[in-house]
Number of protein chains: 2
Amino acid sequence: MPMVHNIRRQAGLAELAQQRGLRLTSQRRLIFSILESAPTHLNAKQILEEARKQDPGIDQVTVYRNLSVMKRMGVIDELDLLHLRGEEHYYEVRQLREHCHVGCLSCGQMFEFVTPAMKAINKALEKECNYKVAYARIEIGGYCAKCRGKEEQGKVIQKGKRVRSLTSATSRI
Amino acid sequence: MPMVHNIRRQAGLAELAQQRGLRLTSQRRLIFSILESAPTHLNAKQILEEARKQDPGIDQVTVYRNLSVMKRMGVIDELDLLHLRGEEHYYEVRQLREHCHVGCLSCGQMFEFVTPAMKAINKALEKECNYKVAYARIEIGGYCAKCRGKEEQGKVIQKGKRVRSLTSATSRI
DNA sequence: TCCTTATTGCAAACCGTTTGCAATAATATT
DNA sequence: AATATTATTGCAAACGGTTTGCAATAAGGA
Ligand SMILES: [Mn+2]
Ligand SMILES: [Mn+2]
Ligand SMILES: [Zn+2]
Ligand SMILES: [Zn+2]
């Protein structure tokens, strides 16, 4: 259940970091590589677990600190996923193609979705408010076709621009 | 700096709660009235402070528990405001007119914004994914005209559908 | 008015994240 | 290559927002 990550940015995180004068420690490289090859959005704990497979000595503060600098650099995005999975934050390498995150309030299934309407919001803001958008976080909760039950079962479910299913997690709301 | 609250829902929170069999305690009424007359998005602590002006004995758990049931009822929405203000959550009575929350990454100023493009996202999701949207949280970070500095000063800043300024808070990102 | 049970207040726990600090290691300088 | 500089790390402890356990209270139905 991979993310929409196929559309990759030119430079890797390591290069970007080095350009800004950050030191390339082994821990940093490791965290970068985990984020860049993540099949789904990861939270800090998951990143730590993954990192410890290769470097058992790595500490969670190192994860947090690196997430923090990368956030500040604008090369990764922090997601709440509507707090459907929990109170923690999730991270993904910033994508060239903007996408929203959609989750089913009933089964917890999450997926990414792309539509031109997203860009339209930014355009409207820039035109009507003279506001320069840097980043838009669009998180949507609703009910998937399956969960809406029997009366919908006959309908054809078009795939449309629905990108990929990501998870089915324990729902909370 | 009021919220877009002028567009009010038919029934008040108290009625809605009673309809669902919730007991109307004095504390609950108080919290409801605070939310309904809030001039801006409030976090739990602010709601508590406000409530204690009228009922000094009220406890924060009561605030949290009531926010929780109202969230579950879908009559209030929980906002992160991109965590520009802090890690806490902010709350507002659910509005009939969907709006996004936009914040300046430089000065922290937040405002609400309405555009038809928001509905377009929901429509696209429903059509292309057979997905029934219950709630969309759109939070946008960027740079306001003022903060973008001198080269923009000559330009006329249209008000557009920019609804209202809400706060200028200490920025974090 | 009594009964049932949802709701409250208090206290403590919880959990994700941050901070202080000394030890370590990446880069710049020689 | 050796050294100096200082960013980065790991450990431990703190932090802050939120949740939980439990006994006392009070709302709403009988
Ligand atoms: Mn994503
Ligand atoms: Mn959040
Ligand atoms: Zn579902
Ligand atoms: Zn600004």
Side-chain angles (χ1 to χ4, degrees), chain A residues 13-32 41-49 51-52 54-73 76 78-91 169-170 172-173, chain B residues 13-32 41-49 51-52 54-73 76 78-91 169-170 172-173:
Chain A
L13 296 177
E15 286 92 322
L16 289 170
Q18 211 165 27
Q19 281 169 21
R20 310 227 184 175
L22 296 182
R23 293 183 183 176
L24 281 184
T25 65
S26 62
Q27 298 93 331
R28 186 162 280 163
R29 279 180 193 285
L30 180 50
I31 292 166
F32 286 176
H41 308 118
L42 302 174
N43 62 28
K45 196 168 146 202
Q46 293 170 322
I47 295 168
L48 178 65
E49 277 168 14
R52 283 194 163 151
Q54 293 201 223
D55 176 358
I58 196 170
D59 193 271
Q60 47 176 347
V61 288
T62 303
V63 172
Y64 280 113
R65 284 194 275 234
N66 276 290
L67 288 174
S68 180
V69 306
M70 290 151 78
K71 243 191 298 176
R72 224 164 8 233
M73 284 171 51
I76 65 170
E78 186 179 75
L79 311 173
D80 288 283
L81 302 182
L82 278 180
H83 293 299
L84 250 47
R85 295 198 198 162
E87 290 308 311
E88 341 84 69
H89 292 134
Y90 290 80
Y91 299 89
T170 62
R172 283 175 134 250
I173 275 181
Chain B
L13 296 176
E15 287 93 321
L16 289 170
Q18 211 163 26
Q19 281 169 21
R20 312 228 183 173
L22 296 182
R23 295 184 183 176
L24 281 184
T25 65
S26 63
Q27 297 92 330
R28 185 163 278 165
R29 280 181 193 284
L30 181 50
I31 292 167
F32 285 176
H41 309 118
L42 302 175
N43 62 28
K45 195 168 145 202
Q46 293 170 323
I47 294 167
L48 177 66
E49 277 169 13
R52 282 195 162 150
Q54 294 200 220
D55 175 358
I58 196 171
D59 193 271
Q60 48 176 346
V61 286
T62 303
V63 171
Y64 280 113
R65 284 194 275 235
N66 277 290
L67 288 174
S68 180
V69 305
M70 292 153 78
K71 243 190 299 177
R72 228 168 358 240
M73 285 171 52
I76 64 168
E78 185 180 77
L79 311 173
D80 287 284
L81 302 183
L82 279 180
H83 295 300
L84 252 46
R85 292 197 198 165
E87 290 308 311
E88 341 85 69
H89 291 133
Y90 290 81
Y91 300 90
T170 61
R172 283 177 132 253
I173 275 181

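Everything numeric here is computed off the predicted structure, so don't read it as measured data. Numbers restart at 1 for each chain; the letters A, B, ... are given by sequence-line order, proteins then strands.
Regarding L42(A), its CG atom lies at a distance of 16 Å from the C1' atom of dG16(C), rounded to whole Å. For the pair L67(B) CG and dT20(D) P, the interatomic distance rounds to 15 Å; values are reported in whole Å. The separation between L81(A) atom CG and dG16(C) atom P is 15 Å, rounded to whole Å. R65(A) has its CZ atom 11 Å from the P atom of dC11(D), to the nearest Å. One can place CD1 of I58(B) at 14 Å from P of dA26(D), the figure rounded to the nearest angstrom. Between the P atom of dA6(C) and the CE atom of M73(B) lies a distance of 16 Å, rounded to the nearest Å. When rounded to the nearest whole Å, the span between NE2 of H83(A) and P of dC15(C) equals 17 Å. Note: CD (E49(A)) to P (dG16(C)) measures 11 Å, nearest angstrom.
One finds the CD1 atom of I31(A) at 11.0 Å from the CG atom of L13(A) (value rounded to the nearest 0.5 Å). From Q60(A), atom CD reaches atom CZ of R65(A) across 10.5 Å, with rounding to the nearest 0.5 Å.
In this structure E88(A) satisfies the side chain to side chain donor-acceptor pair (under 3.5 Å) test together with N43(A), Y90(A), sequence neighbours excluded. In this view, T25(A) and Q27(A), R28(A) satisfy the side chain to side chain contact (heavy atoms under 4.5 Å, CB included) rule, not counting sequence neighbours.
Under 4.0 angstrom from either OP1 or OP2 of dT8(D) there lies at least one side-chain N or O belonging to R28(A). OP1 or OP2 of dT8(C) has not a single side-chain nitrogen or oxygen of T62(B) nearer than 4.0 Å.
Looking at heavy atoms from C-beta onward, Y91(B) lies in side-chain contact with E78(B) at the 4.5 angstrom threshold. For the pair L84(A)/L81(A), no side-chain contact is recorded, criterion being any heavy-atom separation below 4.5 Å from C-beta on. Looking at K45(B) and L48(B), their side chains never come closer than 4.5 Å, going by heavy atoms from C-beta outward.
G21(A) comes within contact range of no nucleotide atom at all, as no heavy-atom separation falls under 4.0 Å.
Residues R52(A) and V69(A) both approach DNA chain D. Their nearest nucleotides, taken by heavy-atom distance, put V69(A) toward the 5′ side.
Summary of helix geometry: the two end axes of the helix from dT1(C)-dA30(D) to dT30(C)-dA1(D), each defined by five base pairs via their C1' atoms, are inclined to each other by 40° (rounded to 10°).
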Checklist entry - Base, backbone or nothing for each nucleotide of nucleotides 12-18 of chain D, written B, S, -, heavy atoms under 4.0 angstrom, 5' to 3'? => result B----SB

Next on the checklist: Treating primed atoms plus P, OP1 and OP2 as sugar-phosphate and everything else as base, which nucleotides of nucleotides 24-30 of chain C get B, S or - for protein heavy atoms under 4.0 Å?
Outcome noted: -BBS---

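The minimum heavy-atom distance between A51(B) and I58(B), with the atom names listed, is CB-CG2, 3.9 Å. Between A17(B) and F32(B), the shortest heavy-atom contact is CB-CE1, 3.7 Å.
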Next on the checklist: Under the criterion side-chain contact (heavy atoms from CB on, under 4.5 Å), I'd like the reasoning laid out for M73(A) against L22(A): C-alpha separation, chi angles, the key distance, then a yes or no.
Outcome noted: CA-CA 11 Å; M73(A) 284 171 51; L22(A) 296 182; 3.8 Å; yes

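In this structure, H83(B) and H83(A) have perpendicular ring planes: the angle between them is above 60°, well past the 30° mark.
Among D80(B), L42(B), L79(B), L67(B), the one residue that satisfies the side-chain contact (heavy atoms from CB on, under 4.5 Å) test with H89(B) is D80(B).
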